Amino acid sequence: MVNLLGSATSPYLRQHADNPVHWREWDPAALAAARARDVPILLSVGYASCHWCHVMAHESFEDERTAAQMNDNFVCIKVDREERPDLDAVYMNATVAMTGQGGWPMTCFLTPDGEPFYCGTYYPKVPRGGMPSFTQLLTAVTDTWNTRRDEVDKASAQVADALRAQAAGLPDADVTISAELLDHAVVTVLRDEDIEHGGFGGAPKFPPSALLEGLLRSWERTGDAGTFDVVNRTAEAMARGGIYDQLRGGFARYSVDAAWLVPHFEKMLYDNAQLLRAYAHLARRSPERESLAHRVTHETVQFILDDLGTEHGGFASALDADTHLEPGGPGVEGATYVWTPAELIGELGPIEGAWAAEVFGVTTAGNFEQGTSVLTLYADPDALSDNGTARERFERARATLREARARRPQPDRDDKVVTAWNGMAITALAEAGSALRQDDWVEAAARCARFLLTEHVVEGRVRRASLGGVVGTSPGVLEDYAWLVTGLLALHQATGRLDWLEHAQRLLDKAIQHFADDTAPGSWFDTADDAETLVARPRDPIDGATPAGASALAEALLTAAATTSAPEPALRYRELADQTLQRGAVVLARVPRSAGQWLTVAEPALRGPLQVAIALPDTSTAATELIATARAEAPGGTVIIAATTNSVPLLTDRTPVNGMPSAYVCRGSVCDLPVTTPPELRASLNRP
């Protein structure tokens with residue numbers, strides 16, 4: 001047997017193609033090999049930008065003696081959690097159940113039928129901190145398998161039964177989506193604010209991406225200043241901390257401390273796409289065109305386009321946490337990004353270097369490792385310069401330091417294009433571009449969508465990921481369909497083009513067909529009905545680093561219902577959206593901090609959602625300000641379409657008034673009289 005990962009479509013798997021371990025991908029042949037040899041499966045799950053995955057690989061999987069022990073006693077399977085979220089979900093649930101915690105790398109031992117009997121995460125090369133070494137663990141598992149098989153069979157059967165019970169879905173509950181429920185959820189969330197540092201909870205601290213969008217939509221409904229202040233404080237704290245790249249833009253995965261100071265340096269597409277949506281929403285609500293939210297929005301877009309953009313139009317998954325300073329050497333976390341005062345002076349000169357050190361919080365003691373500092377921006381440059389040119393001075397310093405940093409070794413990039421995360425990026429770019437009048441952002445979203453529709457949709461079904469323009473074989477999961485549909489609907493609104501809506505409806509109908517739980521309306525599985533049969537069919541309604549598939553689908557259904565005027569599909573989509581939100585109400589009631597996307601969808605659902613259809617005369621350009629008013633001032637989740645009469649469903653039989661561009665504002669099935677001026681539209685949008 002040999003290592004079989006060389007032809008994988010996952011960069012993470014390819015990172016392990018030269019290991020002496022006889023790695024295989026997850027497939028029926030691998031399980032059959034375990035049965036034929038009568039040995040357990042060693043399942044290792046991780047992802048390309050995971051720091052501790054690299055550590056375990058360097059310590060154990062590159063070691064010949066460890067690899068020999070693995071090869072002799074196990075069928076070894078490597079899984080990229082981003083390419084196979086279904087497998088990751090099932091075995092992460094098992095890991096958490098057995099150990100009380102989860103994370104990556106994930107190390108699971110399975111029967112040849114895929115039932116887990118022992119799970120954990122990282123295991124060191126030598127025993128430390130009460131943990132056995134990886135080879136000690138391998139020896140113990142092999143001994144148990146060979147001498148106490150009945151215990152293995154009993155344990156694996158119990159775990160499998162528990163996993164199937166856990167996948168039963170949300171229970172029926174008395175609580176319903178209402179203003180009172182959403183207000184309760186928001187109040188509960190706000191109680192957990194870290195007043196000192198911004199955000200929620202303690203270290204490690206993750207960006208509350210979807211939750212920020214939901215809180216903004218709540219503030220738009222209630223006008224509660226306290227809610228807005230919490231969003232603003234969190235957004236500013238993150239943007240000024242080390243979790244945000246002060247030179248190039250883009251957010252790291254999380255902060256290891258409570259103050260957003262020291263990041264875990266990997267940068268994920270899904271974090272930046274979700275945060276772009278929230279910061280753009282905040283920016284369009286900020287009257288100062290040079291506000292921090294505006295700057296972060298523009299820089300995050302540039303990071304996504306420049307650093308994650310692929311030649312085919314899609315967006316890569318992540319930048320690694322580590323930098324390899326020497327070819328073939330171990331990665332060093334954050335090496336690309338950190339600075340010393342001497343390095344700043346070396347690039348900028350003594351005067352400007354000392355000023356930059358003060359602006360960016362770089363000290364001789366350092367705030368990271370070995371006297372280095374992560375750049376922060378706790379003080380505005382204007383406060384540190386009295387010559388009236390602080391902003392120009394700041395930008396000159398940033399440009400010089402960006403060029404210097406570009407000459408350093410750079411972290412690896414996971415070039416895998418994941419459908420769901422690209423759908424998030426399409427949504428955020430289309431919405432941000434529309435709201436802030438950046439047509440090039442909308443076009444970037446459209447280019448990505450064209451690539452996904454051409455390469456990731458195969459015979460009407462969505463595939464999970466591609467690499468180098470070549471789509472993989474892993475089928476799309478619920479979130480892939482949901483976010484691609486939501487992105488296409490955002491493009492439909494941004495451009496007024498009918499084809500985006502048509503593509504979205506076809507994919508949404510496929511999602512309904514293959515992911516619905518027919519025994520529980522409004523409940524959805526995360527894998528399709530014709531996908532590979534696993535120990536349990538996963539479905540997780542809790543919003544985590546990315547929203548739950550069900551809460552993401554709720555947004556797609558709600559928006560689709562409001563963008564099509566055909567009665568049958570509109571009623572069907574709305575009924576399913578309401579049933580899905582009804583299921584999600586219990587999440588909002590019980591764990592609102594883990595219900596950011598549910599809140600994001602429930603707020604516009606409560607308002608109707610609002611629809612703004614702007615009827616354009618065939619040759620008029622006078623609608624610019626009317627469209628801009630709608631996109632800048634309508635509450636989040638409002639469906640906004642500007643097009644000519646009868647060109648798209650929302651403009652059916654809606655005509656310009658007296659030859660002037662005219663906005664039709666509706667709440668659910670109740671519509672106002674059309675208006676023709678921005679002040680009239682503003683008044684219509686703001687009335688109760």
Side-chain angles (χ1 to χ4, degrees), residues 45-47 49-50 80-97 99-106 121 163 166-167 169-170 185 188-189 192 199-215 234 238 243 251-255 264 266-275 277-278 317-318 418-421 423-424 427-428 464 477-480 482-483 486 524-527 536 538-555 580 583-584 586-602:
V45 183
Y47 58 105
S49 58
C50 166
D80 182 342
R81 66 170 294 262
E82 298 171 349
E83 190 174 51
R84 290 298 303 268
D86 52 341
L87 290 168
D88 179 65
V90 168
Y91 294 110
M92 183 57 71
N93 286 339
T95 301
V96 172
T99 68
Q101 61 185 8
W104 300 275
M106 179 166 57
T121 52
L163 292 175
Q166 189 176 7
L170 289 169
T188 304
V189 166
D192 288 341
F200 307 96
K205 189 173 279 184
F206 291 79
S209 308
L211 190 57
L212 291 179
E213 178 66 19
L215 291 173
T234 299
M238 291 193 300
I243 193 174
F251 289 87
R253 178 70 195 92
Y254 63 87
S255 170
H264 184 52
E266 60 185 333
K267 292 180 180 177
M268 313 299 296
L269 173 61
Y270 59 74
D271 286 318
N272 284 281
Q274 292 180 87
L275 287 168
R277 194 181 201 189
S317 293
V418 175
T419 301
W421 307 348
M424 293 177 193
T427 302
R464 173 67 176 174
V477 295
L478 183 61
E479 68 165 0
D480 294 307
W483 280 110
T486 298
W524 306 89
F525 291 100
D526 288 329
T527 56
R539 56 174 160 191
D540 186 355
I542 303 300
D543 293 331
T546 57
S551 62
L553 189 70
E555 179 169 12
T580 305
R583 294 274 174 188
V586 68
V587 185
L588 281 161
R590 296 181 184 177
V591 284
R593 267 183 58 190
S594 298
Q597 176 70 9
W598 289 111
L599 180 62
T600 294
V601 185

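Please read these numbers as outputs of a predicted model, since none were measured by experiment.
- Side chain of D192 to backbone of V189: no donor-acceptor contact under 3.5 angstrom is found.
- Expressed to the nearest 0.5 Å, how far CH2 of W421 lies from CG of D480 amounts to 9.5 Å.
- In this structure a side-chain-to-backbone donor-acceptor pair under 3.5 Å is present from W598 to P541.
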side-chain contact (heavy atoms from CB on, under 4.5 Å) between W483 and T419, worked out = CA-CA 8 Å; W483 280 110; T419 301; over 6 Å; no

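- L212 and L275 get closest at one heavy-atom pair: CD1-CD2, 4.4 Å.
- Under the 4.5 Å side-chain criterion, counting only non-hydrogen atoms from C-beta, Y270 is not in contact with S209.
- Remark: side-chain polar atoms of N93 are paired, donor with acceptor, to backbone N or O of A89 under 3.5 angstrom.
- One distance of note links CD of Q274 with CE of M424; it measures 5.0 Å at 0.5 Å rounding.
- T580 and W524 are linked by a side-chain donor-acceptor pair at a separation below 3.5 angstrom, with hydrogens and angles left out of the test.
- Side-chain contact check for I542 versus V591: some heavy-atom pair is nearer than 4.5 Å.
- Within the 4.5 Å cutoff, the side chain of P208 has no heavy atoms near those of the R593 side chain.
- With contacts defined as side-chain heavy-atom distances shorter than 4.5 Å, the pair V45/W104 qualifies.
- Heavy-atom minimum distance, A252 versus P207: O-CG, 4.4 Å.
- With contacts defined as side-chain heavy-atom distances shorter than 4.5 Å, the pair F200/L211 qualifies.
- Of all non-hydrogen atoms in G102 and T95, the two that sit nearest each other are CA-CG2, 4.5 Å.
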Kindly determine whether D88 and Y47 satisfy side-chain contact (heavy atoms from CB on, under 4.5 Å), including the steps that lead there.
-> CA-CA 11 Å; D88 179 65; Y47 58 105; over 6 Å; no

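- N272 contributes a side-chain N or O that, together with a main-chain N or O of F251, makes up a donor-acceptor pair within less than 3.5 Å.
- Of the possible polar contacts, one joining the R464 side chain to the E82 backbone as a donor-acceptor pair under 3.5 Å is found.
- If you take CE on M106 and CZ on R81, they are separated by 8.5 Å, rounding to the nearest 0.5 Å.
- L553 CG to Q597 CD: the interatomic distance, rounded to the nearest 0.5 Å, is 10.5 Å.
- In terms of heavy atoms, C50 sits closest to P105 at SG-N, 4.2 Å.
- Side-chain contact check for D86 versus D526: every heavy-atom pair is 4.5 Å or farther apart.
- The structure places CG of L163 at 12.5 Å from CE of M92, a figure rounded to the nearest 0.5 Å.
- Looking at L269 and V418, their side chains never come closer than 4.5 Å, going by heavy atoms from C-beta outward.
- Proximity of K205 to I243: side-chain heavy atoms (C-beta onward) are nowhere separated by under 4.5 Å.
- Closest heavy-atom contact between A185 and L588: CB-O, 3.7 Å.
- A donor-acceptor contact under 3.5 angstrom links the side chains of S551 and D543, judged on distance only.
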Kindly indicate, with the supporting measurements, whether the criterion side-chain contact (heavy atoms from CB on, under 4.5 Å) is fulfilled by T99 and T121.
-> CA-CA 9 Å; T99 68; T121 52; 5.8 Å; no

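- Across every non-hydrogen atom of A548 and D540, the tightest pair is CB-O, 3.2 Å.
- For the atom pair CZ (F206) and CG (D271), the distance works out to 9.0 Å, reported to the nearest 0.5 Å.
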